[in-house]
Asks: 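Quick one: this structure, given as C-alpha cells, is what I'll be asking you about.
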Amino acid sequence: MNKMWKAKEISEKTQVIQYPKSVEKWDIFEITLYSNIKYENPFRQVSLWGEFKSKETCERVWGFYDGEGRWKIRFMPQETGKYAFHIFSNDPNMNEHSGGFISLPAGENNHGPVHPNKILHFSYADGTQFFVLGTTAYGWTYRPYDIRMKTLESFEKYKFNKIRMLLTPKYYQGEDGDVDISYEPECYPFEGKPGNFDFERFIPAYFQNYERCLSDLKKRGIEADVILFHFYDFGHFGIDQMDEEQALFYLQYVIRRFSAFRNVWWSLANEYDVSVEADGDGGSMVRTRVNRRNWDVIGEYIKANDPYQHPRSIHNYPSGEIYPNRSWMTHVSYQHPNTYQLLIDLKRRYQKPVVNDEYQYEGNVKYEWGNSTPEEVVFSHWLSFMAGGYATHGEAIKIKNNRDIFWTYGGEITGESAKRIRFLKEIALGCSFQEMKPDWRNTDGINYFSISKEDMEYLLFFSTDMPRKRIYPGNAKTGFYNYRVEVFDVWNCKKIQEYEIHKQTAFVPARWKAVKLTAI
C-alpha cells in the first residue's frame, strides 16, 4: 500500500507540467511534472507514463523520479510532424495532462541512433554508415569539470566515436598496487554509504551528472557504450552485491532515464565472467569463468523495455568465454588479443557485427593488459579492420602517478597509437568498407592482408618488409587490372603516392604501408 502525506506546496510560480513546443527528430522531447505529494519511496510508489501519437504511431514511454518533487518523461521522436501526448499517473497532480509538439527535421549533425546494418556492420538511422572507432575511459564521468573537458577534447582530437564507460564507480588497485583507481565521486548512485547502499533509492544528482556527460558526447557525435554492471570494487562500494530483483529495478530506472539519448549503447557487463571473492586470508581473489548474474534475463529485460532498441552487448574476460549468441544481443563485444582470426570466426558463427572492445592497451603498467607498445596496438587495430570488424583503443600510461590514467579517468591522451588509429579511420571512410570482405587470395594472415569489394576495390595492409614477395590484386581470369592506386604510410599518417595502372602489377609488402586500388 502506498504511504503518502502532504509536503510543502509547489510554488505558485512552478507549473505542474513543462515541455518545449518543438524538438528535432531523434532528439529528446522532455516533459517535466511536479507533485506536492511526498512519498516514502517515490521511486517505487509512483507510476507515470505518457502515450505519444503521430499520424503513424502510438508509443508508450515511462517516466522516472528526478528528485525534489520532480518527475520526467523523455521521448525520442522517430519521424517529423505533429505529435500529441497524454499523461497518466497514480499521482493525482500528474494524471490526465495532455499536450503536443512539433518534431522538426534532424539537424546537420543529427543522424539518429546507431543500429546494426548489413548483418556485420552499423549505420545511423538516416542510413549514414557508422565506422566504430572506440576508446575506453571507464570513470571519466565523475572526475572534476576540467578533467572532463580535457577528456572530451581528446575524444574529439582523435575522432573517437564510441566510448566505453562505466555507469557505477570503479575501485581497483591491481594485484600489487601498480595502479590506484580509487577516486570517489561527489555523490553515489544510491542512498546510503559504500558497503551499505539502499538499491531501491537512487540519488538523482549522480544520474544528472552522467546525463550531462551523455549530452556532451552527443553534441560531438560520440556514442556512449554504457557499461551497466562490473565486479571490480573489491568490496569497497558493494554495488556488485545487489540481488537480481534490485538489479532489474536499477535497470528500469536507467532505461527510463537514458533511452531517449540517441547516442546510448548498452553493455551489460565489463568482464561478465569475473568474480572477486574473499581468499580466506583476509584478502581477495579474482575468479574467472563464473556467472554472477542471469545475463539472459537482464539482456531480455533491456530488449523488452528499451523503446528505441539501442545496441546491446556483453563483454568477457580474456581467458573466459565469449558470451553465447542470443537474440537479445545485437552485436558481439569481446576481449582478446587475437583481433584477426578470432574476429573472423566470430563473424561467421554469430552473423552479427563484431567489436574487439579490449585487445590490450598501450601503456606502461606491469600487467599484460596495459603494457602494449604503440606498434602492437596499431597492428592489432589494423587487423581488426582487415578482418572486417571493429576495435576499441585504450591507453594505460602512467605519467605523474599511478592514478590519473586515461583508461579509467580520462584526461589527455599522450600515447603514440591514437593518431595512427585515427588515420586508419580516415582510410576506412575513403573505402566501401561495409561492402568489403577478407580477400584470401592476397592474404597470408601474418605479414600481409587484403580486403576487397569483388574486383572493384582492394585495400592491402603490409606489416612487414618482404622484398622477395609479390602481391597481384586484380582479376587474372578476365584480365581486368585498371585501377587508381593510392599508397599510404600508415605509421607517419600520410598518403605518399597516387597513380594509375592498366596491366597486371606486382606490389611488394613494405612495413606500415597500405595500398588502395579503385577500379577505373
Side-chain angles (χ1 to χ4, degrees), residues 1-8 10 14 30-49 61-74 89-95 139 141-142 165-171 183-214 226-233 235-261 264 266 268-269 292-293 297-298 301-302 305-306:
M1 182 176 66
N2 287 357
K3 181 179 179 182
M4 58 183 73
W5 61 90
K6 287 284 183 178
K8 292 181 179 179
I10 298 173
T14 302
E30 182 176 280
I31 301 172
T32 303
L33 302 109
Y34 295 88
S35 176
N36 59 7
I37 300 173
K38 187 174 182 180
Y39 296 89
E40 184 179 15
N41 185 346
F43 303 100
R44 277 288 191 191
Q45 293 173 269
V46 176
S47 293
L48 174 68
W49 70 95
V61 178
W62 292 88
F64 59 91
Y65 183 56
D66 195 41
E68 299 179 334
R70 179 179 60 246
W71 278 260
K72 291 187 176 184
I73 299 174
R74 290 176 175 154
S89 178
N90 64 345
D91 181 301
N93 289 324
M94 298 189 291
N95 192 35
T141 57
Y142 58 91
M165 44 199 272
L166 297 172
L167 179 50
T168 57
K170 182 180 178 72
Y171 183 90
Y183 283 124
E184 299 283 334
E186 289 186 5
C187 66
Y188 299 101
F190 312 97
E191 290 187 13
K193 297 180 179 180
N196 189 30
F197 285 123
D198 183 344
F199 297 120
E200 295 197 354
R201 298 175 188 272
F202 306 102
I203 296 181
Y206 183 90
F207 295 90
Q208 291 162 3
N209 175 72
Y210 199 92
E211 288 162 352
R212 284 190 286 271
C213 295
L214 295 179
V226 178
I227 302 170
L228 297 164
F229 296 95
H230 70 97
F231 301 107
Y232 277 99
D233 69 27
H236 180 76
F237 296 116
I239 294 174
D240 59 346
Q241 299 302 314
M242 68 173 70
D243 63 30
E244 292 302 290
E245 181 181 353
Q246 292 165 338
L248 292 179
F249 187 59
Y250 156 74
L251 283 178
Q252 179 189 87
Y253 188 67
V254 170
I255 291 169
R256 293 178 180 183
R257 289 199 72 117
F258 294 171
S259 62
F261 286 85
V264 160
W266 306 118
L268 273 62
R292 289 281 299 275
R293 300 202 179 283
V297 169
I298 289 172
Y301 184 90
I302 297 171
N305 288 277
D306 175 6

Asks: Distance check, rounded to the nearest 0.5 Å: W71 atom CH2 versus L48 atom CG?
Replies: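 These two atoms lie 8.5 Å from each other.
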
Asks: Can you name the nearest heavy-atom pair linking D306 to W266, along with the distance?
Replies: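 So the minimum-distance heavy-atom pair works out to OD2-NE1, 3.0 Å.
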
Asks: Is any side-chain heavy atom of E186 closer than 4.5 Å to a side-chain heavy atom of Y142?
Replies: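 Result no, sub-4.5 Å side-chain heavy-atom pair not found.
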
Asks: Is there a side-chain contact between R293 and M242 in this structure, where contact means two heavy atoms from C-beta onward sitting under 4.5 Å apart?
Replies: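 R293 reaches M242 side chain to side chain.
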
Asks: For a 4.5 angstrom cut-off between non-hydrogen side-chain atoms, does N90 reach Q45?
Replies: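 Of all side-chain heavy-atom pairs linking Q45 with N90, none is under 4.5 Å.
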
Asks: Indicate every side-chain donor-acceptor pair of residues 248-258 with a distance under 3.5 Å to a residue at least two apart or in another chain.
Replies:
residue: Y250; atom: OH; partner: L228; partner atom: O; Å: 2.8
residue: Y253; atom: OH; partner: Y65; partner atom: O; Å: 2.8
residue: Y253; atom: OH; partner: R257; partner atom: NH1; Å: 2.8
residue: R257; atom: NE; partner: E211; partner atom: OE2; Å: 2.6
residue: R257; atom: NH1; partner: D66; partner atom: OD1; Å: 2.9
residue: R257; atom: NH2; partner: D66; partner atom: OD1; Å: 2.7
residue: R257; atom: NH2; partner: E211; partner atom: OE1; Å: 2.9
residue: R257; atom: NH2; partner: E211; partner atom: OE2; Å: 3.2

Asks: Would a distance-only check, ignoring hydrogens and angles, find a side-chain to backbone donor-acceptor pair under 3.5 Å from H230 to L167?
Replies: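 Not a single qualifying donor-acceptor pair exists.
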
Asks: Would you please name every residue forming a side chain to side chain contact (heavy atoms under 4.5 Å, CB included) with D233, sequence neighbours left out?
Replies: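 Partners of D233 under the side chain to side chain contact (heavy atoms under 4.5 Å, CB included) test: Y171, F237, I239, D240.
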
Asks: Counting distance only, does the side-chain N/O of Q241 pair as donor-acceptor with the main-chain N or O of G238 below 3.5 Å?
Replies: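 No; judged by distance alone, with no hydrogens or angles, the pair does not exist.
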
Asks: For residues 188-205, tabulate all N or O donor-acceptor pairs below 3.5 Å that involve a side-chain atom, not counting sequence neighbours.
Replies:
residue: Y188; atom: OH; partner: E184; partner atom: OE1; Å: 2.6
residue: D198; atom: OD1; partner: E200; partner atom: N; Å: 3.0
residue: D198; atom: OD2; partner: R201; partner atom: NE; Å: 3.1
residue: E200; atom: OE1; partner: R44; partner atom: NE; Å: 3.4
residue: E200; atom: OE2; partner: R44; partner atom: NH2; Å: 3.1
residue: R201; atom: NH1; partner: E40; partner atom: O; Å: 2.6

Asks: Decide side-chain contact (heavy atoms from CB on, under 4.5 Å) for L214 and M165; before the verdict, give the C-alpha distance in whole Å, the side-chain angles of both, and the deciding distance to 0.1 Å.
Replies: CA-CA 10 Å; L214 295 179; M165 44 199 272; 4.2 Å; yes

Asks: Can you tell me how far the CG atom of N305 sits from the OH atom of Y301, to the nearest 0.5 Å?
Replies: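 Output value for this atom pair is 4.5 Å.
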
Asks: Kindly compute the distance separating CG (L33) from CD1 (I73), expressed to the nearest 0.5 Å.
Replies: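 With rounding to 0.5 Å, CG (L33) is 5.5 Å from CD1 (I73).
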
Asks: Check whether any side-chain heavy atom of V61 sits under 4.5 Å from a side-chain heavy atom of R74, and report yes or no.
Replies: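 No, their side chains stay 4.5 Å or more apart.
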
Asks: Just by modelled atom types, is the S89 backbone N or O under 3.5 Å from a matching donor or acceptor in the N95 side chain?
Replies: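 At least one qualifying donor-acceptor pair exists.
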
Asks: Going through the distances and angles, do Y39 and D91 end up as a side-chain contact (heavy atoms from CB on, under 4.5 Å)?
Replies: CA-CA 10 Å; Y39 296 89; D91 181 301; 2.6 Å; yes

Asks: CZ of F64 to OG of S259: how many Å apart, nearest 0.5 Å?
Replies: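 Output value for this atom pair is 9.0 Å.
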
Asks: Heavy atoms, side chains only, cut-off 4.5 Å: are Y34 and N93 in contact?
Replies: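 Y34 vs N93: side chains apart.
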
